[in-house]
Every structure is written in C-alpha cells, then in structure tokens.
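Order of the sequence lines fixes the chain letters, A, B, ..., with proteins taken first and strands second; residue numbering starts at 1 for each chain.
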Number of protein chains: 2
Amino acid sequence: MSLSNESINKVSIGPGTLLGPLPSVLVSCGSLEKPNLITIGWTGIINSEPPMLSISLRPSRYSYELIVSDGKFIVNLVTASMTRALDFCGVKSGRNLDKFAATGLTPEKLLPDFPPAVAESPVALICEVKEKITLGSHDCFIAYIKDVFVRPQLLDKNGALCLYTTDLVNYLHGNYYAHSEWIGFFGYSVAQSKISVARSKKIMHLISATTREGREKFSSERKQGYRHDRSKKKASRRTKN
Amino acid sequence: MSLSNESINKVSIGPGTLLGPLPSVLVSCGSLEKPNLITIGWTGIINSEPPMLSISLRPSRYSYELIVSDGKFIVNLVTASMTRALDFCGVKSGRNLDKFAATGLTPEKLLPDFPPAVAESPVALICEVKEKITLGSHDCFIAYIKDVFVRPQLLDKNGALCLYTTDLVNYLHGNYYAHSEWIGFFGYSVAQSKISVARSKKIMHLISATTREGREKFSSERKQGYRHDRSKKKASRRTKN
C-alpha cells in the first residue's frame with residue numbers, strides 16, 4: 001500500500017457534528033392525555049441483538065423531563081410530506097404548546113403504558129430506556145426497541161417489509177432532504193450475477209409500480225448496467241451490521 | 001387532544017433495528033502501513049459540545065481489534081459513486097485482505113498518529129475513543145470528534161461549508177440510497193417570509209449552479225411555493241440539536 005502526496009486533498013475545519021445523512025425523526029413522549037413531540041437528529045442504532053438505539057437530548061428540553069420520568073418514548077419515522085411539522089417540532093417547545101394540535105399530526109395509541117405514536121408516520125419504534133449517559137451538552141438515552149409498528153400497506157403478500165418508496169427525510173448539516181433513489185441492496189457488490197439481477201429486478205419492479213420516478217430510475221439503471229453485475233464470486237461470508 | 005379509533009393504522013412486526021435513513025460510512029482504522037476499512041451503519045451523533053459520535057461493531061470484526069488497540073478511527077462520509085466499495089467493505093473481512101487495494105480507494109494521511117482517511121471521501125471525521133459499552137451483539141464506541149477535514153471545494157468564499165450537492169449515501173432496511181433532494185433548512189417552518197425566501201433562493205442557486213437535477217428542482221420548488229413561506233411569525237427561540 002503506497003501513499004502519494006497527491007492524495008492529500010482535504011483541509012481541517014475543526015471539530016463538529018458533521019456526520020450524515022442522519023435520520024430526522026419525531027420522538028413522541030408523555031401521556032396520552034398530554035403527549036409531546038420532539039425532533040431528534042442525534043439518534044442511531046447501537047445494537048442488533050437485542051435491537052437498541054440511542055437518542056440524545058439537552059437536559060433543558062421539556063421532552064427530556066418526560067422521558068426521564070416515564071422511561072419510554074416512541075421514534076416515529078418521518079416522510080417528506082411531514083417535513084414542515086418535523087421542523088416545527090424541532091424549534092418550538094412543548095412546555096406550553098400542544099404540538100400535535102399545532103402541527104395537525106394525529107396521536108395514535110399503539111400500546112398501553114406507552115406514549116401515543118404519530119399516525120401519519122409509516123413506522124413507529126417503541127422504545128424503553130435502559131440507561132442515560134451524561135456527555136456534555138446532551139444526555140444520551142440508550143434504549144431497547146421493544147416493538148416496531150408499521151402500516152400494513154408496507155408489507156407484501158409474504159409479510160416482508162417494503163420501504164423502497166417510503167420517502168423518508170434525512171438531515172445533513174442543517175438541512176432536510178428526501179426523495180432518495182435506490183442504488184443497491186446490502187451485498188450487491190459481491191452477489192452472484194444471477195442473484196443480483198433477479199433481486200434488483202424485483203426491487204425496481206416494486207419501485208416502478210408505485211412511482212413515476214421509479215419507472216424513470218428503472219430505465220436509467222438498466223442503461224448503466226447496475227443490474228448486470230459481472231462479479232462471479234459468491235460472497236463467502238457476509239457479515240452484517 | 002382527542003384520539004379517534006380511525007387513527008390506529010399500524011400493525012406490530014416485532015422488535016427490530018428499523019431506524020432510518022441511516023448514514024452508511026467507511027470507517028478507517030489501523031496503521032498507515034496496514035490500514036483497514038469497515039462499513040458502519042450503526043453510527044450517530046450523540047453530543048454537540050464537545051462533538052461526539054458512536055459507532056457499534058461486533059467484537060468478532062477485525063476492525064474491532066484495531067480500534068480497541070489504537071483508540072482511534074476516522075469516519076469517512078460516502079458519496080453515491082463509492083457505493084460499490086462501501087458495500088464491499090461491509091461484506092468482506094480485512095483480516096487477510098487489503099481493502100484499500102481491493103476497492104481502489106486511496107489512503108490519505110491527514111494527521112500523525114491517526115489511521116489514514118479515504119481520499120475519495122469528501123468529509124473525514126477524526127475520532128478518538130472515550131469509552132466502550134458492551135450491549136449485546138455489538139459493542140458501542142463512544143468517541144470524540146477531534147477534528148473534521150473536508151475538500152476545500154466544499155467551502156464557499158466565506159469559508160462556509162456547502163454540502164447541498166455532495167450526494168451522500170444513506171441506508172435503510174438493507175438497501176443503499178442516494179441523490180436526495182433538498183427540502184428546507186432547519187427552522188424554515190417558522191422563519192420570516194423574507195428570510196425564508198432569501199435563504200432558500202441562495203441554496204437553490206447553489207444547487208442549480210452545479211447540477212441539472214438542481215435546476216429542475218429549483219423550477220419545481222418555485223411552482224410549489226416552498227420559497228414563499230407565508231408565516232409572518234419570527235422564531236422566538238430556536239433550540240438546536
């Protein structure tokens with residue numbers, strides 16, 4: 001492995017939270033009678049078995065008190081059409097404001113003893129706090145994902161979850177983005193040509209069946225040859241996250 | 001706040017790691033002489049001041065040993081054109097393979113005593129491990145972001161970072177996506193009309209100057225009236241992540 005001087009092409013801008021694209025989600029907390037919503041960008045999966053995620057909040061936030069007192073919250077994934085509400089819930093405090101009412105979002109009771117979810121969200125992750133870590137400006141809640149609720153329309157006839165056209169919002173450096181295009185499935189770089197073609201074809205069909213963009217993408221991908229991976233080597237062992 | 005039965009529209013599919021869209025990044029670790037790359041989806045920002053992130057790895061991974069022994073790693077953000085290499089580094093082990101050589105990616109030395117970054121990546125986050133938490137299948141590394149390196153082309157004439165057209169990859173439920181479209185800036189839902197219009201115009205100009213998609217988006221957004229927010233109320237206090 002050699003290292004050429006030409007390859008040094010970046011400059012330092014100092015420490016910062018420049019990871020991305022990040023999920024930007026609506027966390028619901030509190031009681032059914034007086035629930036609250038908070039927009040969270042500082043979240044991520046931290047464990048597969050058992051499924052766990054973290055969310056980080058400033059202790060000054062109203063939702064912080066609710067989550068500390070209750071030990072429960074729901075992570076609601078957000079679609080492009082909900083972006084204005086998402087932004088609103090990130091800049092306003094729920095201490096003296098009913099954010100469900102203010103945004104027109106609908107509380108949806110999924111489980112007893114848990115805060116309501118957001119009905120407009122396609123996916124809700126039911127979370128129970130395991131522990132809280134003090135880091136600096138934020139405290140990090142480490143939580144178990146006890147259950148996941150999805151719209152039945154997102155399940156195919158075999159019960160498999162299809163999120164290809166769900167149009168979720170992502171967040172990068174102070175801006176919201178959506179309308180992402182599908183590139184490939186996990187393992188496509190080493191998948192057998194036959195498997196890769198069949199699987200990609202199936203996914204592109206699912207996408208094209210629902211959107212105009214999908215149909216366009218399908219046609220463009222075909223031209224680029226993504227669906228015709230030349231790799232003949234089978235993935236000997238695929239390690240997953 | 002009322003809750004109608006009609007609003008109950010989701011079904012349980014059991015616990016799972018269904019957060020998204022997630023960043024999918026290349027983490028570089030090890031020495032300059034024998035560096036390694038690993039694809040990480042289980043990552044997120046956990047603190048603003050000081051800037052901190054977490055990455056979670058299975059202890060069986062080769063990179064796990066390297067990070068435990070060195071206490072340092074670099075998070076390299078990934079663009080759409082790097083997706084095949086990204087996928088490859090997630091399914092292959094570096095124990096007996098030079099992943100830089102195998103993918104054609106270029107090691108870039110940014111700081112002494114740190115692993116090399118990936119030259120092809122537009123943004124590199126220099127990370128130092130604070131602590132490691134055992135959770136189950138994965139261990140979670142809590143790390144300080146000690147510095148951020150970016151391509152100088154990403155800085156405007158005032159030194160402000162512009163990531164609007166960087167085309168970073170996101171990951172959702174086993175699939176890679178990219179080519180996201182800009183929706184709005186943090187706080188746009190409550191920004192004064194004049195401020196919102198001016199800022200959106202500037203951003204759309206930056207996007208449209210670099211891409212055909214940007215120009216199309218610009219024209220379509222104009223029609224939808226995103227740039228003409230009618231809200232007259234000034235954000236009294238904007239809380240940030």
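Closest approach of B/L18 and B/H173 over heavy atoms only: CD1-CD2, 3.4 Å.
The greatest number of non-hydrogen atom pairs below 4.5 Å with chain A, out of B/A117, B/P122, B/A85, B/G159, is found for B/P122. For the options B/N175, B/V78, B/V123, heavy-atom pairs under 4.5 Å to chain A are most numerous at B/N175. Listed options A/L154, A/I13, A/V150 were ranked by heavy-atom pairs under 4.5 angstrom with chain B; first place goes to A/V150. The candidate with the highest count of non-hydrogen atom pairs below 4.5 Å against chain B, out of A/P50, A/P51, A/C140, is A/P51. Ranked by heavy-atom pairs under 4.5 Å with chain A, the first of B/G136, B/G184, B/G44 is B/G184. The most heavy-atom pairs under 4.5 Å with chain B, out of A/I55, A/L57, A/L77, come from A/L77. In terms of heavy-atom pairs under 4.5 Å with chain A, the best-connected choice from B/L161, B/I38, B/L135, B/N47 is B/N47.
Contacts of A/L155 with chain B are made by side-chain atoms alone, with heavy-atom separations under 4.5 Å and no backbone atom involved. Neither the backbone nor the side chain of A/Y144 comes within contact range of chain B; no heavy atom of the residue lies under 4.5 Å from a heavy atom of that chain. Only the side chain of A/I142 comes within contact range of chain B, judged by heavy atoms closer than 4.5 Å. Using a 4.5 Å cut-off between heavy atoms, A/L125 contacts chain B through its side chain alone, with no backbone atom that close. With a 4.5 angstrom heavy-atom cutoff, B/S12 touches chain A via backbone and side-chain atoms both. Using a 4.5 Å cut-off between heavy atoms, B/L19 contacts chain A through both its backbone and its side chain. At a 4.5 Å heavy-atom cutoff, the contact between B/V25 and chain A is made by side-chain atoms alone. At a 4.5 Å heavy-atom cutoff, the contact between A/L168 and chain B is made by backbone and side-chain atoms alike. When heavy atoms are compared at a cutoff of 4.5 Å, A/L163 approaches chain B by way of both its backbone and its side chain. The contact between B/L172 and chain A is made entirely by side chain atoms (from C-beta outward), counting heavy-atom distances below 4.5 Å. Only the side chain of A/I203 comes within contact range of chain B, with heavy atoms under 4.5 Å apart. For a residue to count as touching a neighbouring chain, one of its non-hydrogen atoms must lie under 4.5 Å from one of that chain's; by this rule A/T17 touches chain B with backbone and side chain alike. Of the atoms belonging to A/I133, it is side-chain heavy atoms, and not backbone ones, that fall under 4.5 Å from chain B. Both the backbone and the side chain of B/I46 come within less than 4.5 Å of a heavy atom of chain A. Only the side chain of B/V75 comes within contact range of chain A, with heavy atoms under 4.5 Å apart.
In this view, A/D167 and A/A80, A/A178, A/H179 satisfy the side chain to side chain contact (heavy atoms under 4.5 Å, CB included) rule, not counting sequence neighbours. Scanning for side-chain hydrogen bond (donor to acceptor under 3.5 Å, both in side chains) contacts around A/K132 gives A/Y64, A/D139, with sequence neighbours left out.
Rounded to the nearest 0.5 Å, atoms OG1 (A/T165) and CD1 (A/I207) are 7.5 Å apart. To the nearest 0.5 Å, atom OG of residue A/S24 and atom CG of residue A/L86 are 4.0 Å apart.
Of the options A/S63, A/S93, A/S31, a side-chain hydrogen bond (donor to acceptor under 3.5 Å, both in side chains) to A/N36 is made by A/S63 and by none of the others.
In this structure, B/Y188 contributes its side chain and B/S196 its backbone to no donor-acceptor pair below 3.5 Å. At distances below 3.5 Å, not a single donor-acceptor pair connects side-chain atoms of A/E128 with backbone N or O atoms of A/A143. With A/D147 contributing its side chain and A/I126 its backbone, the two residues share no donor-acceptor pair below 3.5 Å.
Note on ring orientation: taking the six-membered ring where Trp is involved, the planes of A/H138 and A/W42 are tilted (angle from 30° to 60°).
In this structure the side chain of B/N170 reaches within 4.5 angstrom of the side chain of A/S180, judged on heavy atoms.
Taking the ring axis of B/F185 as reference, the NZ or CZ atom of B/R199 stays within 45° of it and closer than 6.0 Å to the ring centre.
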- Task: Given side-chain contact (heavy atoms from CB on, under 4.5 Å), test B/M82 with B/L105 step by step and report yes or no.
- Result: CA-CA 9 Å; B/M82 299 163 68; B/L105 293 173; 4.3 Å; yes
